[in-house]
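Shown next, in structure tokens, is the structure this report addresses.
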Amino acid sequence: MMAGVRRLDTVAVTCVVTLCLACLHVTSLKSQLFTRRGGSRLTTDPPISYKTLYFDQKIDHFGFLQDGTFKQRYLVADKQWHQPDGPILFYTGNEGDITWFCNNTGFMWEVAGQLGAMLVFAEHRYYGESLPFGQDSYSDSKHLNYLTSEQALADFAVLIQNLKSSVPGAQNSPVIAIGGSYGGMLSAWFRMKYPNIVIGALAASAPIWQFPNMVPCGDFYKIVTQDFAKSGKNCDANIRRSWKAINNVSSSASGLQWLSEEFSLCAPLKNKLEAVIFKSWLQETWVNLAMVDYPYEANFLQPLPRWPIQVVCKYLGFDATVSDYQLLHGVAQAAKVYYNYTGSSPCLNTSQTATSSLGALGWFFQACTEMVMPMCTDGVQDMFEPEEWNFQAYSDECNAMFGVRPRTDWAGTVYGGKKIASHSNIIFSNGGLDPWSAGGVTSNTTQSLVSIMIPDGAHHLDLRYSNTLDPPSVRAARALELKYFQKWIRQAQRSTGTGSTVSKKRRIFP
């Protein structure tokens, strides 16, 4: 689920002042999830081609007064599709530009040929080009009111029904939902809510239980800390020490200037408030590194080396006797691994931690309505400054930002919380290095609600293009996911009396 800006102009300043890390928890999902990403595909990835299309989608699927429509963007690749009745792999779009997710979901492109599948990547409403009210979509909370996961799922269902009724040969095509991070949550919920539309789902790195009273609020940051602890001696301990060191150094004007120069900041730190924002930026940096600790060079959130946390930790191996300035010099070098691995950045911008392809403001609104994901730190079992989860402060800040208050238990009510055993045909894949696995389904619930754990995997590594440096665990995960897809497709074809024996490739979309 996400990277992006840490604050929203002056609103964020208020946010940091009033909530400190509690505010971080308002924005952290966007910064980390949804995962949410990144940049362009590596040039070593195979070329892809798709058709960009638009569908007239209802603004409100659940009421009758708002009868307007908007253009929902979706991408289609049908070169590998066997038709009639070949399967459709449907990507449930996340909180960002759909072309970016399309380019970063190599697994779908690689299995399309083996399955004879059409690929469809559907953009989530309010992100990318799919804006229900055009330029006014973000003008106020009244216009944002239709930005919900429920509306997005209905969009996907209606779009699929339209495709199956309008595309020759697709009427009996079985559809499998696929998504990662927030998109993975949507794919799981899509199968739960619309089993008549999709025959199964792959929910990669999908923290469907990162909600109140489902998992401990501190587990997310514990996993981040564990990643650093096992990547270098004293690495996590020195990050834990760095917060006090920043407080000490930033207590004077000369210290603020030194920090600004040492970290090559684009905007020099001028006061203690900006030092607080600076610490939040650093915290998000370490979280993002845990999310994208991939075994090869990648350009997802930022251009990074292989196993980037190991590279970062080379600068943080000090013993406890070093001065604050020596420690922070190492922290600065470590941060530049994330922000300037290519050496092309003249300065570091503390207002942004990842790709602009993600929609920060939209996710903030979702986090302030139904995506309430408690997080906390204690500074002992994790490497961050202690901060309790404070729902009232969280709610107050959301009210100040958008004039709305979050419904703390709504996700559990509408999607069932941990009571999901009545559902079927969902794969929950999680990486052992990914902090979002703390809120994921990490053990089998039933024979058809399957957990696939990838011990050496970071955030939805299994959805990325295969790489010669992939650990065996992710190769095995992809192979197992493909077997489940094939099983579901066979079952669906038997139930409809269709099958691949009568299928052949034919492009439908010009």
Side-chain angles (χ1 to χ4, degrees), residues 1-3 31-46 94 96 100-110 178-181 183-184 202 204-207 220 223-232 235 284-314 334-342 353-355 357-358 429-438 440 452-479 481:
M1 292 148 161
M2 298 153 324
S31 313
Q32 301 150 9
L33 260 177
F34 300 26
T35 143
R36 85 257 29 225
R37 335 183 242 268
S40 58
R41 297 180 305 117
L42 296 178
T43 56
T44 55
D45 293 336
N94 314 39
W100 184 70
F101 295 107
C102 174
N103 291 335
N104 279 284
T105 311
F107 173 69
M108 288 177 61
W109 292 94
E110 290 177 344
I178 299 174
S181 201
L202 169 56
S205 297
F220 179 95
I223 295 176
V224 175
T225 302
Q226 291 165 8
D227 290 350
F228 282 80
K230 61 188 177 186
S231 295
C235 191
E284 187 172 331
T285 301
W286 308 139
V287 167
N288 284 352
L289 276 162
M291 284 175 43
V292 295
D293 196 21
Y294 296 133
Y296 46 79
E297 289 191 357
N299 183 20
F300 190 42
L301 295 182
Q302 298 277 5
L304 291 171
R306 67 182 303 241
W307 296 123
I309 293 182
Q310 292 183 13
V311 179
V312 162
C313 287
K314 291 179 180 179
K336 289 174 183 177
V337 172
Y338 181 77
Y339 290 106
N340 198 21
Y341 171 60
T342 63
T353 58
T355 176
S357 295
L358 292 168
S429 63
N430 284 281
L433 305 179
D434 182 16
W436 288 108
S437 65
I452 298 179
M453 289 301 300
I454 307 168
D456 302 313
H459 202 46
H460 49 66
L461 175 62
D462 52 326
L463 292 190
R464 295 179 59 80
Y465 280 95
S466 58
N467 190 290
T468 56
L469 296 175
D470 279 331
S473 59
V474 73
R475 298 183 189 186
R478 292 185 183 123
E481 290 162 359

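When reading the values below, keep in mind they use all heavy atoms of this one structure, side chains included, and skip hydrogens, waters and symmetry mates.
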* Asked: If only atom types and distance count, is the side chain of D434 paired as donor or acceptor with the main-chain N or O of G457 below 3.5 Å?
  ->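 No; judged by distance alone, with no hydrogens or angles, the pair does not exist.
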* Is it true that a side-chain atom of N340 and a backbone atom of K336 form a donor plus acceptor pair closer than 3.5 Å? -> no
* Just say parallel, tilted or perpendicular for the rings of H459 and W436, cut-offs at 30° and 60°. => tilted
Nearest-0.5 Å distance that lies between atom [atom1] in [X] and atom [atom2] in [Y]:
X    : Y    : atom1 : atom2 : answer
L289 : Q310 : CG    : CD    : 12.0 Å
N94  : F101 : CG    : CZ    : 3.5 Å
L433 : S231 : CG    : OG    : 7.5 Å
I178 : T105 : CD1   : OG1   : 8.5 Å
D462 : S473 : CG    : OG    : 10.0 Å
N288 : Q302 : CG    : CD    : 8.5 Å

* Are the side chains of S205 and L463 in touch, meaning some heavy atoms are under 4.5 Å apart? -> no
Write down the atom of [X], the atom of [Y], and the distance for their closest heavy-atom approach.
X    : Y    : answer
D456 : W307 : O-CH2, 3.7 Å
L202 : S429 : CD1-OG, 4.0 Å
W109 : Y465 : CD1-OH, 3.7 Å
V311 : P305 : CG2-CG, 3.9 Å
N467 : D470 : N-OD2, 2.7 Å
G432 : D227 : O-OD1, 4.4 Å

* Asked: For atom NZ of K314, is the number of surrounding heavy atoms from other residues, nucleotides or ligands below 6.0 Å larger than 12?
  -> no
